[in-house]
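My questions all concern the structure below.
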Number of protein chains: 2
Amino acid sequence: MPTQERAVVTRASIVQGAAVVFDERGYANASLDLIAEQANVTRGALYFHFKAKDALANAVIEEQHRISRSYAEHALTEARSALEGMIRMSAGLARQLTTEVVVSAGIRLTTDGTASELSAKDPYRDWMDTFVTLIGLAIEQGDFRDDVDPVRVAGFIIPAYTGVQLVSDTLHDRADLFERVSDLWSLLLPGLVRPERLADATALLTLVAP
Amino acid sequence: MPTQERAVVTRASIVQGAAVVFDERGYANASLDLIAEQANVTRGALYFHFKAKDALANAVIEEQHRISRSYAEHALTEARSALEGMIRMSAGLARQLTTEVVVSAGIRLTTDGTASELSAKDPYRDWMDTFVTLIGLAIEQGDFRDDVDPVRVAGFIIPAYTGVQLVSDTLHDRADLFERVSDLWSLLLPGLVRPERLADATALLTLVAP
């Protein structure tokens, strides 16, 4: 492989190894030595790409957000409405959280107490912006009532989802995550959806499954 | 002071000092030396009470939960209904989060990525149990609909509140916390409250203020 290509591969395996270590041990108990060992690279190779633990954690968060965004865009192309898109996105993230270590680690780092030094703000803002747009569309498409405020609703759904997955992780290692995400929607929909559309909207919750 | 009494005072000032350090720096970046300095005790005195950082963090979480529980019980005595009690409790915790360092630190430690080694599970379970009871009462008192499921609703409200305060902390240092807690209720109440009681229930949200 040419040198530059090899560097890209090495960097990717370091980020993957870092995700495994952060996911298992949390930010505080992860070390560069453990990550080098997990990624099967020398300490020197690791240092060439990342000078410190916070840079590695930020790379995991960025890679997680990139993966999650790309799934989300795919979910939207499959959806027949903005509401279906939002429900598919929430289910897709739950699937990634329970099957992909980079996503699990990235979200754990985002909600970590040491978040002040990590790039935790951007993903929240990015999801909120996306949901403001989709909620606006759901109003236009007649699923949501006209008096729904997209900014306030997005400003609740993203944090609520954050807490739901965090507490599911803390109490049950995410074993009940799909059930809890489905509850989030079934409790919120009556306040958002036009009464005549509520049955159809609730039927979409079968999409929230592994 | 008698020896035992002095030990109690010393322990309390260590927990207070630990809260200040954990709150400012997070679990990962706190050290026993910094905590001893902040608490104005010798390293030996600190070691007499706490052998390791996780024991100190657990003591802060326990003290936070004790303070928050005692406020919550007071909120309930002032409330004229179970629903008003839940709204007062959520506002009371927001007040403590923005004014009491032990509460802020305790909640930050509970949602910390290193939570696996800390006693983070018990507070969630304790709040959920309390809310299951209060939601049951709100149904009996005719505020909530008969088909509301107390376990599922409590299993959403506690995680949702957790996420709301966490994201408010991450994005805005909790400056918008009361507004976000009020949004939590105003978005959930339509799915829970009997239509003829919804206006009265929504009026209770004026209680969610600093």
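So that the names make sense, note that chain A is the first sequence line, chain B the second, and so on, each numbered from 1. On a predicted model such as this, the values are computed, not experimentally measured, just so you know.
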key: Heavy atoms from other residues, nucleotides or ligands near CZ of B:Arg11 exceed 12 (cutoff 6.0 Å)   = no

| said: Between A:Arg66 and A:Glu62 (salt bridge meaning N to carboxylate O under 4.0 Å), is one present in this structure? | reply: no

Pick from A:Asp169, A:Leu166, A:Leu192 with the largest number of heavy-atom pairs that fall under 4.5 Å of chain B: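 It is A:Leu166.
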
Should the ring pair B:Tyr27 and B:Phe22 be called parallel, tilted or perpendicular, given that the plane angle runs from 0 to 90° and is split at 30 and 60?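 B:Tyr27 vs B:Phe22 ring planes: parallel.
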
For residues A:Tyr124 and A:Thr110, determine if any side-chain heavy atom of one lies less than 4.5 Å from a side-chain heavy atom of the other.
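They are in side-chain contact.
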
Bottom line for B:Val148: the part with an atom under 4.5 Å from chain A's heavy atoms is neither

Out of B:Ile158, B:Leu184, B:Leu188, B:Asp176, return the one with the most heavy atom pairs under 4.5 angstrom to chain A.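 Looking at each option in turn, the highest pair count goes to B:Leu184.
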
(request) Specify which of A:Gln165, A:Glu179, A:Arg152 makes the most heavy-atom pairs with chain B at under 4.5 Å. (result)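 Ranked by contacts with chain B, first place is A:Arg152.
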
**Request:** Any chance you could measure B:Ile67, atom CD1, to B:Leu93, atom CG, to the nearest 0.5 Å?
**Result:**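 Going from CD1 on B:Ile67 over to CG on B:Leu93, the span is 11.0 Å.
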
Cut-off 4.5 Å, heavy atoms of chain A, and the answer for B:Ser168 is neither

